[in-house]
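Structure first, commentary second.
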Amino acid sequence: MGQNRSQADRMTSPVRLIVVGAGCRGEIYSSFGSIHPERLKVVGVADPRKFARTKLQQQHNIVDENIFEDWHTMVEREKFADAVAICTPDRLHKEPAVAFAKKGYHVLLEKPMATTAEDCTAIVEACTQSGVMLSVGHVLRYDPVIHNIKELIDAGAIGDVMHIQHLEPVGFWHFAHSFVRGNWRNEEESSFALLAKSCHDIDLIHHWAGARRCLKVTSFGSVSHFGKKDKPAGAGNRCLDCSIEADCPYSARKIYMDRVKQGNTGWPVSVICPNSFPDIESVTEALETGPYGRCVYECDNDVCSNQVVNMEFEGGLTAAFSMVAFTEEICKRKTTIYGSKGELSCDGHEVRVFDFLTQRSTKHSPLSGAPRRFMSMSGHGGADYYLMDAFVSAVANNDPSLIRSGPEETLLSHLLVFEAERSRLEGRVVYCGDLGHR
């Protein structure tokens, strides 16, 4: 896929990209330029953390004059790139997205778009009015296996879609890392869990529903288990000095220290050492003094650890989504879609279609052509690579049709997420009305 598009790209020189936010996502997206230097050149970076921006500068040989602590200074400069990747924390998406769009940069925006419906709408309006492309980081739309689901639905493989069941198993230690100890643990500091973690999934359900509009939605969920009342007797406040740490599956020693001892210094270990390379010494210090060494029962987390969302679309289509923290598998979504002529199921690896007429099953196993080096960095099965492949080609060819996660449909699925959370908070069915005119 990448090779074919590379041959078709019209720009004779690489697309020039600047990165705002040089954390995990910024590093992953920009690594496309290391794999395909003939197609993408990272020419600037803005990040308040010296270690993060210097690391990206060294990876891409960026000149000193294009290194910034503050993106405000960067955007005031005369436009010096074709596109920007905005990978700042969730609550810091809107301002740079709008500013760079108005400056004429095409925008790759990490999901979620923003943390309020109003800010999401403002971003889309800014990009539309400025005539720039917007690609939102709904990377799962680019996953070859998940994309195959949409292709089979559109080809009529199961007839009319009647019901969708979709599960996101977050993973027991992944939830503890990101949503109990980590950056997305507290709604005041980031956003609610359905937006931060599962806007991917609501977007996919909305995508599979096709042109059918969601009419009403209900949602239930809460913080379960990770609270002071659940703390085992004898547990300490930090894992490194806890007498019962060996019996705790959420132990920071197990999640981080054991990994670095085995030579694994990528995610999640890299996250807890944002200002240095992770090794035994720096990880020990992080666990002794930083947020990732805290007992999971002594944190300030308030986001849901399990949540369900039920939706009814036009034409009688219903959908049920579940997000669960307490799972063995990590983010390996499981989907079953029931149609008038067959049943489609996906375990994250392959798609199986059962035909009601022939009573036979057909398996579809799309292969990922993403480079092994890229897949080892990313937790999305090569989908990050394909998102970048599409965005770079869209910019090179001035062809927004190559983007599967563009502004209008992505805005609608985000608005559906906000309505679902409103249902949970207000304890009632929410009638969606016309989300497109919110």
**OP:** List the steps, then state whether ring-ring contact (aromatic ring centres under 6.0 Å, His included) holds for His106 with Phe391.
**Re:** CA-CA 9 Å; His106 299 294; Phe391 180 68; 7.4 Å; no
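- One finds the CD atom of Gln359 at 9.0 Å from the CG atom of Asp355 (value rounded to the nearest 0.5 Å).
- In this model, a donor atom of one side chain and an acceptor atom of the other lie less than 3.5 Å apart for Glu95 and His72.
- Contact check on Glu409 versus Arg141 returns a salt bridge, with a Lys/Arg side-chain nitrogen under 4.0 Å from an Asp/Glu carboxylate oxygen.
- Salt-bridge annotation for Asp201 and Arg333: present, with a side-chain N of the basic residue lying under 4.0 Å from a carboxylate O of the acidic one.
- No donor-acceptor pair under 3.5 Å is formed between the side chain of Lys216 and the backbone N or O of Met311.
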**OP:** Would you check, one step at a time, whether the test side-chain contact (heavy atoms from CB on, under 4.5 Å) holds for Val417 with Phe192?
**Re:** CA-CA 10 Å; Val417 172; Phe192 54 95; 3.8 Å; yes
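- Annotation for Trp208: atom CH2 counts as buried by contact number, over 12 foreign heavy atoms lying within 6.0 Å.
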**OP:** Could you give me the CA-CA distance, side-chain angles and deciding distance for Trp267 and His174, then say whether ring-ring contact (aromatic ring centres under 6.0 Å, His included) is met?
**Re:** CA-CA 10 Å; Trp267 184 88; His174 175 22; 5.2 Å; yes
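- Ionic pairing of Arg404 and Asp143 is not present here: no N-O contact between side-chain nitrogen and carboxylate oxygen is shorter than 4.0 angstrom.
- Between the side chain of Lys254 and the main chain of Cys248, a donor-acceptor pair closer than 3.5 Å is present.
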**OP:** Evaluate the criterion side chain to side chain donor-acceptor pair (under 3.5 Å) for residue pair Ser251 and Glu245; output intermediate values, then yes/no.
**Re:** CA-CA 6 Å; Ser251 160; Glu245 173 272 327; 2.7 Å; yes
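- For the pair Arg25 and Tyr29, the cation-pi test (distance below 6.0 Å, angle within 45°) is passed.
- Using a 4.5 Å heavy-atom threshold, the side chains of Phe51 and Cys273 count as separate.
- In this structure, the side chain of Asp302 engages the main chain of Glu187 through a donor-acceptor pair within 3.5 Å.
- Within 6.0 Å of atom CD in Glu285, 12 or fewer heavy atoms from other residues, nucleotides or ligands are found, so the atom counts as exposed in its surroundings.
- Geometrically, Arg181 does not engage Trp173 in a cation-pi contact defined by less than 6.0 Å to the ring centre and at most 45° from the axis.
- Looking at Trp71 and Asp47, their side chains never bring a donor and an acceptor atom within 3.5 Å of each other.
- Not one N or O on the side chain of Asp258 forms a donor-acceptor pair closer than 3.5 Å with the backbone of Lys261.
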**OP:** Report the C-alpha separation of Arg238 and Glu288 in whole Å, then their side-chain angles, then the decisive distance to 0.1 Å, and conclude whether the salt bridge (charged side-chain N to carboxylate O under 4.0 Å, His left out) test is met.
**Re:** CA-CA 7 Å; Arg238 286 191 171 271; Glu288 287 176 343; over 6 Å; no
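- Ring-centre distance between His147 and Tyr386: not below the 6.0 Å cut-off.
- Of the possible donor and acceptor atoms, one in the side chain of Ser423 sits under 3.5 Å from a partner among the backbone N and O of Arg428.
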Original post:
Checking side-chain contact (heavy atoms from CB on, under 4.5 Å) for the pair His225/Tyr297: CA distance, chi angles, key distance, verdict?
Top reply: CA-CA 8 Å; His225 187 68; Tyr297 305 104; 2.8 Å; yes
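- For the atom pair CZ of Arg91 and CD of Glu188, the computed distance is 6.0 Å after rounding to the nearest 0.5 Å.
- Between His206 and His414, the distance from one ring center to the other does not fall under 6.0 angstrom.
- By the 4.5 Å heavy-atom criterion applied to side chains, Ile149 and Ile337 are counted as neighbours.
- To the nearest 0.5 angstrom, Asn306 atom CG is 4.0 Å from Ser224 atom OG.
- Separation of atoms CG (Asp389) and CG (Leu40) is listed at 11.0 Å; rounding is to 0.5 Å.
- Counting heavy atoms from C-beta on, the side chains of Phe179 and Lys197 come closer than 4.5 Å.
- Separating the OG atom in Ser198 from the CD atom in Glu168 is a distance of 4.0 Å, to the nearest 0.5 Å.
- Using a cutoff of 4.0 Å between basic side-chain nitrogens and carboxylate oxygens, Lys55 and Glu27 are scored as salt-bridged.
- Within the 4.5 Å cutoff, side-chain heavy atoms of Tyr142 are placed close to those of Ile403.
- Remark: aromatic rings of His36 and Tyr385 are close, center separation under 6.0 Å.
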Original post:
Do Tyr338 and Phe356 pass the ring-ring contact (aromatic ring centres under 6.0 Å, His included) test, and can you show the C-alpha distance, the side-chain angles, and the key distance before you say yes or no?
Top reply: CA-CA 11 Å; Tyr338 303 89; Phe356 292 164; 8.9 Å; no
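- Taking both residues in full, the closest heavy atoms of His93 and Met113 are given as CB-O, 3.1 Å, listed atom of the first, atom of the second, then distance.
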